[in-house]
Amino acid sequence: MVAASKQETEEVHTPVLRKESPSILALGKLFPQSKTLDHTVRFLSQVRGTDKTLMVVQYFSKIFIWYFLKRGRESTAQRVKNLAGPISDFRILLRYYGLLPLIQWMQYVDTQPSPSPLLLLIDRLQNICNLIYYPLEHIYWLGAHEVIPISMEKTNKIAIWSCRFWAAYVVLQFVHLAEEFRLHKTRLQSIQGQIKAADKKAKETGEPADKTVYKTELAALRAEKKGIIINTIINTGYLPLTVHWSLEKSSFPDVGVGIFGGIAAAAQFYVAWKSS
């Protein structure tokens, strides 16, 4: 009797499998699973990813504006300007948090061992440049948008001095990259010497040399060299822009800003995308 009751209970609670009918509301099925989509969402959910995407649009828009004006399409050029303006403002607003990671970086520089005394000195000088650059840029933006009462003349001077400290950072970065390359070359020569010594020993003993460690180190050095090259491209793109904005009067064309800024933007987008 108990067995019969148990059987009846199981029959009552056994779920009935029904064939799912297609629905026009199931829009998710129109989009297949994609790793690229997942990567894009992850990339754009970070402040860095959003900033680099907007940076590409901001600088390349200057090239499009120049092109449309060249073709006599003033209305189209103006619409692109209408897009580029708010993007520039938004990117400055995004940089309002910039002092926080800068403080973390300053702590790291002064608590972790540096590869060389020159790199430590440059890092400290660059931190000073950024510590002045960020607040000046923030004050400039607040003054330009009449959030704080500053005359336009003072606002422009603040903007120029802000860019001068940015330019100083960029110049120091070239020295930084040169020192990085020197250290990279020294380590590469050291590893190559160790490989030659291991090969020589293998010939003498007749035993094969284990080059696993060397291969790992060489792969790390190749990645490091690639990073140095990309950062050099980024810095080269920034140099004429920072000099241009540091001068009270500059004849550097806006399309030139778009070209060099676009180079820096594309390279930074690539780095941010790969690291996300």
Side-chain angles (χ1 to χ4, degrees), residues 47-48 50-66 69 74 77-106 109 122-176 234-265 268:
V47 173
R48 186 187 184 194
T50 300
D51 177 65
K52 300 317 171 191
T53 302
L54 293 177
M55 183 183 179
V56 170
V57 177
Q58 177 188 349
Y59 283 110
F60 276 92
S61 66
K62 293 182 178 295
I63 300 175
F64 285 115
I65 290 169
W66 170 83
L69 288 176
E74 287 82 3
Q78 185 58 50
R79 287 197 292 272
V80 177
K81 282 184 181 179
N82 294 341
L83 172 65
I87 287 177
S88 177
D89 277 346
F90 184 66
R91 289 192 64 232
I92 293 177
L93 285 173
L94 282 179
R95 288 198 292 274
Y96 265 72
Y97 87 102
L99 281 173
L100 299 179
L102 174 60
I103 292 171
Q104 283 188 322
W105 174 246
M106 290 167 65
V109 166
I122 295 170
D123 283 334
R124 286 173 172 172
L125 291 174
Q126 287 181 315
N127 283 336
I128 293 172
C129 290
N130 280 332
L131 202 57
I132 300 173
Y133 158 71
Y134 275 108
L136 286 179
E137 184 190 48
H138 298 161
I139 295 170
Y140 149 73
W141 189 90
L142 293 172
H145 289 78
E146 299 180 353
V147 178
I148 56 178
I150 302 178
S151 67
M152 187 55 64
E153 181 181 358
K154 286 185 178 179
T155 299
N156 290 335
K157 285 184 178 180
I158 290 171
I160 290 173
W161 276 104
S162 172
C163 290
R164 284 173 180 173
F165 281 99
W166 183 16
Y169 176 94
V170 170
V171 172
L172 286 169
Q173 185 64 9
F174 277 115
V175 183
H176 198 290
I234 293 171
N235 220 45
T236 302
Y238 275 141
L239 181 62
L241 306 187
T242 57
V243 173
H244 164 60
W245 288 323
S246 297
L247 302 175
E248 293 186 4
K249 294 182 180 180
S250 174
S251 58
F252 196 70
D254 213 35
V255 65
V257 174
I259 292 171
F260 283 95
I263 292 171
Q268 284 193 312

Measure from the side-chain N and O atoms of S88 to the backbone N and O of A84, and report whether any donor-acceptor pair falls under 3.5 Å.
no

Taking the six-membered ring where the residue is Trp, are the ring centres of Y140 and W161 under 6.0 Å apart?
no

Donor on one side chain, acceptor on other, W141 and D89, under 3.5 Å
yes

On a heavy-atom basis, the closest approach of I160 and S246 is CG2-O, 3.2 Å

Side-chain donor-acceptor pair under 3.5 Å between Q78 and N82, yes or no?
yes

Got a second to check how far L172's CG is from I128's CD1, nearest 0.5 Å?
10.0 Å

Rounded distance (nearest 0.5 Å) linking atom CH2 of W166 with atom SG of C163:
6.5 Å

Test side-chain contact (heavy atoms from CB on, under 4.5 Å) on V57 and L83; report intermediate values, then the result.
CA-CA 9 Å; V57 177; L83 172 65; 4.3 Å; yes

Between L239 and F174, is any pair of side-chain heavy atoms under 4.5 Å apart?
yes

Taking the side chain as every heavy atom from C-beta outward, state whether V109 and N127 have any pair of such atoms under 4.5 Å apart.
yes

Going from NE2 on H176 to CG on L125, what distance comes out if it is rounded to the nearest 0.5 angstrom?
10.5 Å

Rounding to 0.5 Å, atoms CD (Q126) and CD (Q173) come to a distance of 5.0 Å

For V47 versus L94, what's the shortest heavy-atom pair and its separation?
CG1-CD2, 4.1 Å

Are more than 12 heavy atoms, taken from residues, nucleotides or ligands other than F64, located less than 6.0 Å from that residue's CZ atom?
no

Hey, what do you get for CD (E137) to CD1 (I92), rounding to the nearest 0.5 Å?
5.0 Å

Using the ring-ring contact (aromatic ring centres under 6.0 Å, His included) definition, which of the options F260, Y238, F252 pairs with H244?
F252

Please find the pair of heavy atoms, one from L136 and one from S162, that lie closest to each other, and give the distance.
CB-CB, 3.7 Å

Assess whether side-chain contact (heavy atoms from CB on, under 4.5 Å) is satisfied between L241 and Y59, documenting all intermediate values.
CA-CA 11 Å; L241 306 187; Y59 283 110; 4.0 Å; yes

Gap separating the CG atom of L93 from the NE2 atom of H138, nearest 0.5 angstrom
9.0 Å

Less than 4.5 Å apart, any side-chain heavy atom of I63 and any of F60?
yes

Yes or no on side-chain contact (heavy atoms from CB on, under 4.5 Å) for D123 and W105, after CA distance, side-chain angles and deciding distance?
CA-CA 9 Å; D123 283 334; W105 174 246; 4.1 Å; yes

Any side-chain heavy-atom pair from D254 and W66 closer than 4.5 angstrom?
no

Should L99 and L131 be marked as a side-chain contact (heavy atoms from CB on, under 4.5 Å) after you check the CA-CA gap, both sets of side-chain angles, and the distance that decides it?
CA-CA 7 Å; L99 281 173; L131 202 57; 4.1 Å; yes

